[in-house]
Amino acid sequence: MSISKTYNPKETEDKWYSYWLEKKFFKSVPDEREPYTIVIPPPNVTGVLHMGHMLNNTIQDVLIRRARMLGKNACWVPGTDHASIATEAKVVAMLKERGIEKKDISRQEFLKYAWEWKEKYGGIILKQLEKLGASCDWDRTRFTMDEPLSEAVIDTFIHLHKKGLIYRGIRMVNWDPKGKTAVSDEEVIRREVNQKLYYIRYKVAGDSNAYIVIATTRPETIMADTAVCINPNDERYQHLKGKKVLVPLINREIPIIEDEYVEMEFGTGCLKVTPAHDLNDYELGVKHNLPVIDILNDDGTLNEKAEILIGEERFIARKKIAKLLEEAAQLEKVEDYKSQVGFSERTDAAIEPKLSMQWFCKMDEMAQPALEYVLKGDIKLIPDKFINTYRHWMENVKDWCISRQLWWGQQIPAWYLPNGQYVVAKTREEAFLEAQRIKSAPADLKPEDLKQDEDVVDTWFSSWLWPISVFDPSVCGNPEAKGNADLNYYYPTNDLVTAPEILFFWVARMIMAGHEFRGELPFRNVYLTGIVRDKIGRKMSKSLGNSPDPIGLIETYGADGVRVGMLLCSPAGNDLMFDESYCEQGRNFANKIWNAFRLVKGWEVDPQLDFVNEQAVNWYESRFNEALAEIENHFDQYRLSEALMATYKLVWDDFCAWYLEMVKPAYQQPIDKQTFDVTLEFFERILTLLHPFMPFLTEELWHDELFGQRDELQCCIVAPYPKSAEVNSLLLRDVDSIKQVISEIRNIRNSKQISPKEPLPLGIKVNSEISFKNYFNIIYKLANVSEISLVESKIDGAASFIVGRDEFFVSLAGNIDTEAERERITKELDYLAGFLKSVNAKLSNERFVQNAKAEIIENERNKKADAEAKIAMLQQSLGAL
RNA sequence: GGGAGAUUAGCUCAGCUGGUUCAGAGCAUCUGCCUUACAAGCAGAGGGUCACUGGUUCGAACCCAGUAUCUCCCA
């Protein structure tokens, strides 16, 4: 092993990752052990690793590695989703570069290019996860468009359609004019945008001088107006009732209708009604039986129904309309206005509400049991504050628009007869058989007359099957199927780690699908991570350029350093303010461990030597067990950053700063065999405890010859996780006092500018039951004390301090500064007097003595006794000065 | 507009059922150290009106009400 002064991650990471792969440590097959399963939230196949993935996958890897070491059959299933809109956009761009337009090629040709693209770029993110150390079972890697998984999607569609849970209908959908597809409500991101509010004059028909003013943010849609609406209670507009107005520029006549829906305070109190381009207007239109005029093409340009500005893009049209209105003297004024606008999650295009024929999945029925699982606690959301949000959504869930006007994805298995009727079936042949049963079907119907629906289903319609389909896709759509061995062994999975943003998108729907096809929940715990922000709280994003390159971070700080850095700043469910300095802290920690190892490795053993470190060894043993219990408790509650911090302190403070210093032999002196052996054992245990957080460093050290010969499968990654054992709390308490004594002596040295090299004599006046003799060698070593004497009375002229009930005296070579000493003691006396006063106040309060629990009163009495004793000691010291 | 959550040291966060010397941790800061594992380090120190105002209680960071600010979700 190299003995370089610092840990060098580059020399170990690839080496051990390949080794783990080669020895198949990540691989899982069902056996008699208890399974522990995580399915990865499949990243978008077009994606590259960002900080959110780093956090998310670090957490999953910590959980899976720990489970593996706890002896469970750990299985982490990786994969990607096909991300229809995003991928299709990439492919369209790629084709464009090659001079090919999507509209000029067939669906089959397009898909060929798309697969080509996917094979070439689709695996990048998974490769990046390897750098992080992710111990996924790569043999199980799945893609949502793999043949069997796609088939599962189709079967699911058919099944739900048969159950009446999927239907087709005309609805107002969120239209993405850039992706030229519908998107679901969850894929629309609302943002506040600075807009203008245009005040437009509509002339009253038959009265060339009269007009009303309407305020709108979307003047380009006036050509689609089919009414103007006023509130019937609005005093200002009583005279307009029953009249008509003319749409400006095109002078089409539209009625004035009345509805209390109109807010009198907003704008002018007059609302233009545009049923084709606004959800609320649509509903108003249905209520008042208004026609629908759709003036927009799928790409967001104006069509011939607009009559003017045909072919112009909607936002350009908006500017031009404003100008035309102004020229026609029909634009009264323009005001700045802020409002919420929806944007497509994938393309960032402003969403256009659009009426269209789409497929929907009914949600309310499926939401019911999915809500129950969470409310009953069968599925735990961590942190549980998300239960409320979840419930609110589930109780107000709307039907899910699942069709997308794209080619990349699973094509909807609906087949249209020439007369417009349709059947849902897996293949053309089956569809033909189905179709023949339709009474009104043409008698001479041939299979080739059927035309399959052009659309594909939403990517999430694949993803919601993920926890099932990665194991056995064949049960999706077939709830009666038993499922294969994998599914029966691994499902339900244990933990799901994901971002709260997709609680509804995905988590809720996985629960629905799990219930539908397995009658069972898909996972038991959902750990919701926070959003990674920069140190000033901004969400990390490409456009802001405030996100560090994860792979760059790994190169700078090492994978272990970055993993530790991510976890140090990530309380569950709270956003984390990421800063590179956390990774630096992680790297420093790795280095600390490395150097502790170098120390132990450098020791020479002399078998002749007596075992002199019994107290230190026993203390550390207890301390380790105490910390382990604490760490396990943190893990049980998914408090990973606290589990890490407890580990960090155990290693750095207890093991390195105290234990190793206690047992460390003097320079170039050998160590006794027993201490050496037990220290190695302690070190091994630390490595196993650290492994889930820092897999590379620990595996590297684990294989050092210092620990003896290991066979090729004896690796840290599968070493048994330590088990907590008994804690000697008396010993822990004693050593706490000893540590305090040592600190006090160091402090005296420090404040008096005495070199740590100069040994000082220590006198102890023992008033407690602590057997200080047992700890003499520790005190000698760590406080650099020349001699220790147990004394019966105070030592005059010495610096003194109190720990617990015992008094300590350090005689200094020079004269002590009486004045400073007096001041220090007086200060402490003042504090104690105040403290005693407050304790006495409590104890003399009758109501306290009556109401408080016995043990609390007892405690107050102890506090009083301790304080009084201390005051007495200090007063004596003061007198002795 | 409706809902949820947050506010504790310069920063990031713990603080469980109200009760110990309970106001904590890590980082950062300051002071002193190149003490043969580690300066990516060692030893020590300082730092807080627990957002604000009331209330309940023998006792409040913790419970209740209101105010302010921030974040998220939904419309």
Side-chain angles (χ1 to χ4, degrees), chain A residues 3 5-7 185-186 190 279-280 340 383 385-393 396 398 500-501 503-504 530-531 533 535-537 539 557 561 565 568-571 573-579 581-582 584-603 633-634 637 639 641-642 644-646 648-649 652-653 656-657 660-661 664 666-668 742-757 782-784 831-832 835-836 838-839 841-853 855-863 866-867 870:
Chain A
I3 45 155
K5 269 180 86 167
T6 51
Y7 168 58
D185 292 343
E186 289 72 33
R190 278 166 210 287
L279 182 58
N280 296 317
Q340 295 279 323
K385 66 176 178 186
F386 286 107
I387 294 174
N388 277 334
T389 322
Y390 181 82
R391 176 171 51 201
H392 186 263
W393 190 78
N396 298 282
K398 287 197 225 134
E501 315 166 297
L503 190 57
F504 314 126
I531 296 165
R533 299 175 178 278
K535 64 192 287 191
I536 55 172
K539 200 168 166 172
Y557 301 104
L568 279 175
C569 60
S570 57
N574 279 346
D575 289 357
L576 49 126
M577 309 298 158
F578 179 82
D579 187 69
S581 65
Y582 289 108
E584 196 180 332
Q585 193 181 346
R587 179 203 57 183
N588 293 354
F589 184 42
N591 199 45
K592 183 72 188 177
I593 300 161
W594 180 262
N595 276 292
F597 186 80
R598 284 179 65 220
L599 171 69
V600 177
K601 194 174 164 65
W603 285 345
N633 183 33
H634 287 316
Q637 298 178 65
R639 299 175 163 207
S641 68
E642 290 186 53
L644 171 59
M645 186 43 73
Y648 181 94
K649 285 194 274 192
W652 198 308
D653 299 343
C656 296
L660 288 179
E661 293 299 333
K664 178 164 119 180
Y667 180 55
Q668 285 189 334
I742 293 164
S743 289
E744 289 282 4
I745 298 171
R746 285 169 174 172
N747 193 5
I748 287 173
R749 213 190 285 279
N750 230 322
S751 60
K752 306 222 172 350
Q753 311 271 20
I754 301 166
S755 159
K757 285 179 185 158
L782 299 196
N784 191 19
Y831 170 78
L832 281 169
F835 176 70
L836 186 60
S838 79
V839 174
K842 269 192 205 176
L843 284 171
S844 57
N845 182 334
E846 264 177 50
R847 293 209 272 180
F848 171 74
V849 182
Q850 272 166 21
N851 294 324
K853 279 183 274 179
E855 68 225 50
I856 286 164
I857 297 170
E858 186 55 33
N859 260 325
E860 291 301 314
R861 297 222 163 95
N862 287 342
K863 276 155 72 176
D866 280 354
K870 233 177 201 174

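This one's a predicted model, so the numbers in the text were calculated from it and none came from an experiment. Lettering of chains follows the sequences in order, A, B, ..., and the numbering in each one begins at 1.
Results of the side-chain contact (heavy atoms from CB on, under 4.5 Å) test with A:Tyr7 over A:Phe597, A:Trp594, A:Phe589 single out A:Trp594 as the only residue that passes.
A:Leu568 and A:Met645 make their closest contact through CD2-CE, 3.6 Å (heavy atoms, listed as atom of the first residue, atom of the second, distance). Minimum heavy-atom separation, A:Asn845 to A:Arg847: OD1-N, 2.9 Å. For the residue pair A:Val849 and A:Lys842, the shortest heavy atom distance occurs at CG2-O, 4.5 Å.
Distances from the side chain of A:Asn750 to the nucleotides B:A45, B:A43, B:U20 place B:A43 closest. Distance from the side chain of A:Asp653 is smallest to B:G26 among B:A40, B:A37, B:G26. Of all nucleotides listed (B:U35, B:A37, B:C27), B:A37 comes nearest to the side chain of A:Lys664. Checked against B:U36, B:G5, B:C38, the side chain of A:Lys385 finds its nearest nucleotide in B:G5. Here the nucleotide nearest the side chain of A:Asn747, chosen from B:U71, B:C38, B:G44, is B:G44. Here the nucleotide nearest the side chain of A:Phe504, chosen from B:C38, B:C73, B:G19, is B:C73. Set against B:A37, B:C58, B:A40, the side chain of A:Arg587 has B:A40 as its closest nucleotide. Of the candidate nucleotides B:G26, B:U12, B:C42, B:U12 has the atom nearest to the side chain of A:Met577. Proximity note for A:Asn851 (side chain, C-beta onward) versus B:A40, B:C58, B:C74: the nearest is B:C58. For A:Ala657, taking side-chain heavy atoms from C-beta onward, the closest of the listed nucleotides B:A43, B:C38, B:C74 is B:A43.
With C1' as the reference atom, B:A51 and B:A6 are 11 Å apart, rounded to whole Å. Taking the C1' atoms as reference points, B:A68 lies 31 Å from B:U29, given to the whole Å. Taking atom C1' on both B:C16 and B:A75, the two are 37 Å apart, rounded to the nearest angstrom. Distance noted for atom C1' between B:U53 and B:A60: 15 Å (whole Å). For B:G26 and B:A9, the P atoms lie 16 Å apart once the distance is rounded to whole Å. Remark: the separation of the C1' atoms in B:A61 and B:G19 is 14 Å, to the nearest Å. Distance noted for atom P between B:U36 and B:C30: 25 Å (whole Å). Going from the P atom of B:C50 to that of B:U8 covers 11 Å, rounded to whole Å.
To the nearest angstrom, C1' of B:C11 lies 6 Å from OH of A:Tyr582. Distance A:Arg746 CZ to B:C33 P: 17 Å, rounded to the nearest Å. When rounded to the nearest whole Å, the span between CZ of A:Phe589 and P of B:A25 equals 18 Å. Computed from coordinates, the A:Phe386 CZ to B:U71 P distance equals 16 Å when rounded to whole Å. Rounded to whole Å, the distance from CG on A:Asn388 to P on B:C73 is 16 Å. Between A:Glu642 atom CD and B:C16 atom P there is a gap of 11 Å when expressed in whole angstrom units. Taking atom CG of A:Leu503 as the reference point, atom C1' of B:G5 lies 15 Å away to the nearest angstrom. The interatomic distance linking A:Phe848 (CZ) with B:G19 (C1') rounds to 7 Å, in whole Å.
Between A:Tyr648 and the phosphate of B:C27, there is a side-chain N or O to OP1/OP2 separation shorter than 4.0 Å. Applying the 4.0 Å criterion to OP1 and OP2 of B:C42, one finds that A:Trp652 has a side-chain N or O inside that range. A sub-4.0 Å separation between OP1 or OP2 of B:A37 and a side-chain N or O of A:Arg598 is absent. Between A:Asn845 and B:G59 there is no side-chain N or O to OP1 or OP2 distance below 4.0 Å. Contact check, A:Thr389 against B:G3: no side-chain N or O comes under 4.0 Å of OP1 or OP2. Considering only side-chain N and O atoms, A:Lys592 lies under 4.0 angstrom from the phosphate OP1 or OP2 of B:C42. Within the structure, every side-chain polar atom (N or O) of A:Arg749 is placed at least 4.0 Å from both OP1 and OP2 of B:U31.
A:Glu661 contributes no side-chain N or O that forms a donor-acceptor pair with the base of B:A43 under 3.5 Å. Between the base of B:C38 and the side chain of A:Lys5 there is no donor-acceptor pair shorter than 3.5 Å.
A:Leu782 places none of its side-chain heavy atoms less than 4.5 Å from the side chain of A:Ile745. Taking the side chain as every heavy atom from C-beta outward, A:Asn595 and A:Arg598 approach each other to under 4.5 Å.
Along RNA chain B, the nucleotide nearest to A:Leu576 and the one nearest to A:Lys398 differ in position, and the one closer to the 5' end is contacted by A:Leu576. Comparing A:Cys656 and A:Lys870 by the nucleotide of RNA chain B that holds the closest heavy atom to each, the one mapping nearer the 5' end is A:Lys870.
In this structure, CZ on A:Phe835 lies 8.5 Å from CG on A:Asp866, to the nearest 0.5 angstrom. Rounding to the nearest 0.5 Å places NZ of A:Lys870 at 12.5 Å from CG of A:Leu836. Rounding to the nearest 0.5 Å places CG of A:Leu644 at 11.0 Å from NZ of A:Lys649.
Within 4.0 Å of A:Ser743, counting heavy atoms only, lie sugar-phosphate atoms of the nucleic acid but no base atom. Residue contacts for A:Leu644: at a heavy-atom cut-off of 4.0 Å it reaches no nucleic acid atom on any strand shown. At a threshold of 4.0 angstrom between heavy atoms, the contacts of A:Tyr831 include nucleobase atoms, whether or not backbone atoms are also involved. Contacts of A:Arg861 with the nucleic acid, taken as non-hydrogen atoms under 4.0 Å apart, are absent.
Classification of the A:Tyr582-A:Phe578 ring pair by plane angle, with boundaries at 30° and 60°, yields tilted.
Listed by chain and number, the residues in a salt bridge (charged side-chain N to carboxylate O under 4.0 Å, His left out) with A:Arg749 amount to none (sequence neighbours excluded).
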Original post:
Pairs counted as Watson-Crick or G-U wobble with both distances under 3.5 Å: what dot-bracket string results for RNA chain B, using | for bases tied to another strand?
Top reply: (((((((..((((.....[....)))).(((((.......))))).....(((((..]....)))))))))))).
